[in-house]
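Letters go in sequence order (proteins before strands), and every chain restarts at 1.
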Number of protein chains: 2
Amino acid sequence: METKEKPLTSVMEDYLEAIYDLDKEQKAVRVRDIARKMDVRMPSVTSMLRSLKERELVYYEKYEYVELTERGEDIGREMRRRHGIIREFLTEILKIDYKTADEDACRIEHTLSPQTVNSLTDFMNFIQKCPLGEERMKYFEEYQKRIRKEAEEDM
Amino acid sequence: METKEKPLTSVMEDYLEAIYDLDKEQKAVRVRDIARKMDVRMPSVTSMLRSLKERELVYYEKYEYVELTERGEDIGREMRRRHGIIREFLTEILKIDYKTADEDACRIEHTLSPQTVNSLTDFMNFIQKCPLGEERMKYFEEYQKRIRKEAEEDM
DNA sequence: AGTCTTTGTTAGTTTAGTCTAACATTATTA
DNA sequence: TAATAATGTTAGACTAAACTAACAAAGACT
């Protein structure tokens, strides 16, 4: 009989992704870094780390550096992958600016079904191999520019 | 000097969309209906209706039917629009099944930037006018089927 | 070693949204 | 019209995640 694990919240996933990223960027990950990256105060991080530790997603002792467990790293890596795919779709296909695309990706990466993420992955791979075509994309971009002009007036 | 309004939460947006839908489906909208549609208990609805009333998004008196104010209706309509566009994209382009697409749409409709929603709208309009082409889509669908077979084994 | 700064923790509060249990109102129908 | 069923509300508890204020530990600098 398995222990019934509560599902992760999307905030937890965010923290795992942040820690995963920081771990790639630097040698050691501290509370401070996580707080900065997540744009929260340090006590929020401390308390989240306690939850993540309980779920065996991070190694963490008071005043020590933070590390992901294998499970934690798997989740962090998966979130990063999703994030990348979504952002790529938004910038490459929908022509959204990088910053906006990145923020959008960050918000929706948790909530898309695995099916959709997979399908989006396939789509992006497919497009890579079999591009939409120069004239077509140019046409779309012009079409968009026209539409956007109008939209600006509504704001 | 304007009163600084707190932004709506995505849950509030969900309620407004639900009420908007119900209003189109039937003559009168009751707490019961909203609870069923949102899959929550009635007290949750009552308390949300108080918040929405405070923000002047619904007309609501104890034991009475619920109606959207003009502002509330605008928001409900906009959420419905977004929802439809996203679902359409997911079913038409990514070939996600209706139910999953609808659930995904419901979750991300709140968090996408206006830019992305606009761009997606443009994209869908564009595809309408200038379809991806029969052979291309067929190719993609087959490509997907292959990939999905593999994915199932991972689950 | 002693002080100051940076980093981290604890304790306690807040907010949004949910829930249950108990009560109240409205509607139905015998 | 009185009893019952359906609907709605109130009160109060819970949870996740954030915050501030105050304290504690570690590190750096003289």
Side-chain angles (χ1 to χ4, degrees), chain A residues 4-19 22-23 25-67 72 75 79 106-107 109-111, chain B residues 3-19 22-23 25-67 72 75-76 79 106-107 109-111:
Chain A
K4 216 174 232 167
E5 286 282 333
K6 269 195 268 182
L8 291 191
T9 66
S10 60
V11 177
M12 286 172 179
E13 289 176 346
D14 273 329
Y15 275 91
L16 291 174
E17 185 184 350
I19 297 168
L22 288 167
D23 195 57
E25 289 167 19
Q26 38 187 64
K27 41 273 152 255
V29 180
R30 292 166 313 166
V31 170
R32 193 79 222 278
D33 305 323
I34 302 172
R36 187 156 21 81
K37 183 147 221 158
M38 294 291 298
D39 196 26
V40 298
R41 301 305 179 128
M42 287 201 290
S44 308
V45 176
T46 303
S47 103
M48 179 54 81
L49 287 176
R50 264 195 261 106
S51 310
L52 293 176
K53 184 182 176 177
E54 230 166 65
R55 288 162 182 263
E56 299 181 33
L57 297 168
V58 298
Y59 301 114
Y60 161 66
E61 296 301 329
K62 265 189 176 187
Y63 299 107
E64 300 290 327
Y65 295 135
V66 179
E67 281 190 87
I75 296 168
M79 296 321 293
C106 186
R107 281 185 260 108
E109 66 191 14
H110 311 287
T111 50
Chain B
T3 312
K4 216 175 235 170
E5 286 282 333
K6 268 196 267 180
L8 290 192
T9 66
S10 59
V11 177
M12 286 173 179
E13 289 175 346
D14 272 329
Y15 274 93
L16 292 173
E17 186 184 349
I19 297 168
L22 288 166
D23 194 57
E25 289 166 19
Q26 39 186 63
K27 43 271 151 259
V29 179
R30 294 166 311 165
V31 170
R32 191 82 222 278
D33 305 323
I34 302 172
R36 187 154 21 80
K37 184 149 220 156
M38 294 291 299
D39 195 26
V40 298
R41 303 303 181 131
M42 288 201 290
S44 308
V45 176
T46 304
S47 105
M48 179 55 80
L49 288 175
R50 266 197 259 103
S51 309
L52 293 174
K53 184 183 178 175
E54 229 166 66
R55 288 162 183 263
E56 299 180 35
L57 297 167
V58 298
Y59 300 114
Y60 161 67
E61 296 301 330
K62 263 187 178 188
Y63 301 104
E64 299 290 327
Y65 295 136
V66 179
E67 282 191 84
I75 296 168
M79 296 320 294
C106 186
R107 280 185 260 108
E109 67 192 14
H110 311 288
T111 51

Value in whole Å for how far the [atom2] atom of [N] lies from [atom1] of [X]:
{"X": "His110(B)", "N": "dA16(C)", "atom1": "NE2", "atom2": "C1'", "value": "15 Å"}
{"X": "Ile34(A)", "N": "dT9(C)", "atom1": "CD1", "atom2": "C1'", "value": "14 Å"}
{"X": "Asp39(B)", "N": "dT18(C)", "atom1": "CG", "atom2": "P", "value": "10 Å"}
{"X": "Leu8(B)", "N": "dA16(C)", "atom1": "CG", "atom2": "C1'", "value": "13 Å"}

Working to the nearest 0.5 Å, report the span between [atom1] of [X] and [atom2] of [Y].
{"X": "Asp33(A)", "Y": "Met38(A)", "atom1": "CG", "atom2": "CE", "result": "13.0 Å"}
{"X": "Tyr65(B)", "Y": "Leu22(B)", "atom1": "OH", "atom2": "CG", "result": "13.5 Å"}
{"X": "Ile34(A)", "Y": "Ser44(A)", "atom1": "CD1", "atom2": "OG", "result": "11.5 Å"}

Next item on the list: State whether the number of non-hydrogen atoms from other residues, nucleotides or ligands found under 6.0 Å of Arg41(A) atom CZ is greater than 12.
Entry: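 Count not over threshold, so no.
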Notebook entry, point to check: Heavy-atom count around Arg32(B) CZ within 6.0 Å, excluding the residue itself: above 12?
Noted result: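 It does not: Arg32(B) CZ has 12 such atoms or fewer within range.
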Next item on the list: Check every strand shown and say whether Thr9(B) touches a base, only sugar-phosphate, or nothing at a heavy-atom separation below 4.0 Å.
Entry: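 Contact class for Thr9(B): sugar-phosphate only.
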Next item on the list: Classify the nucleic acid contact of Ser51(A) as base, sugar-phosphate or nothing, counting any heavy atom under 4.0 Å across all strands shown.
Entry: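 Touches nothing.
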Note to self: Given Lys53(B), which partner from the list Glu67(B), Glu64(B), Glu61(B) fulfils the salt bridge (charged side-chain N to carboxylate O under 4.0 Å, His left out) test?
What the structure shows: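 Checked Glu67(B), Glu64(B), Glu61(B) against Lys53(B); only one passes salt bridge (charged side-chain N to carboxylate O under 4.0 Å, His left out): Glu61(B).
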Margin query: Once side chain to side chain donor-acceptor pair (under 3.5 Å) is applied, do any residues pair with Glu54(A), and if so which ones, sequence neighbours excluded?
Written below: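 Here no residue qualifies.
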Next item on the list: Could you check which residues of residues 10-17 of chain B get a heavy atom under 4.0 Å from DNA chain C? Sort them by number, please.
Entry: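 Val11(B), Met12(B), Tyr15(B), in order of number.
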Next item on the list: Would you give a per-nucleotide map of nucleotides 4-9 of chain D, 5' to 3', where B means the base has a protein non-hydrogen atom under 4.0 Å away, S means only the sugar-phosphate does, and - means neither?
Entry: ---SBB
Check: Which heavy atom in Ser51(B) sits nearest to a heavy atom in Met12(B), and how many Å separate them?
Finding: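 So the minimum-distance heavy-atom pair works out to CB-CE, 4.1 Å.
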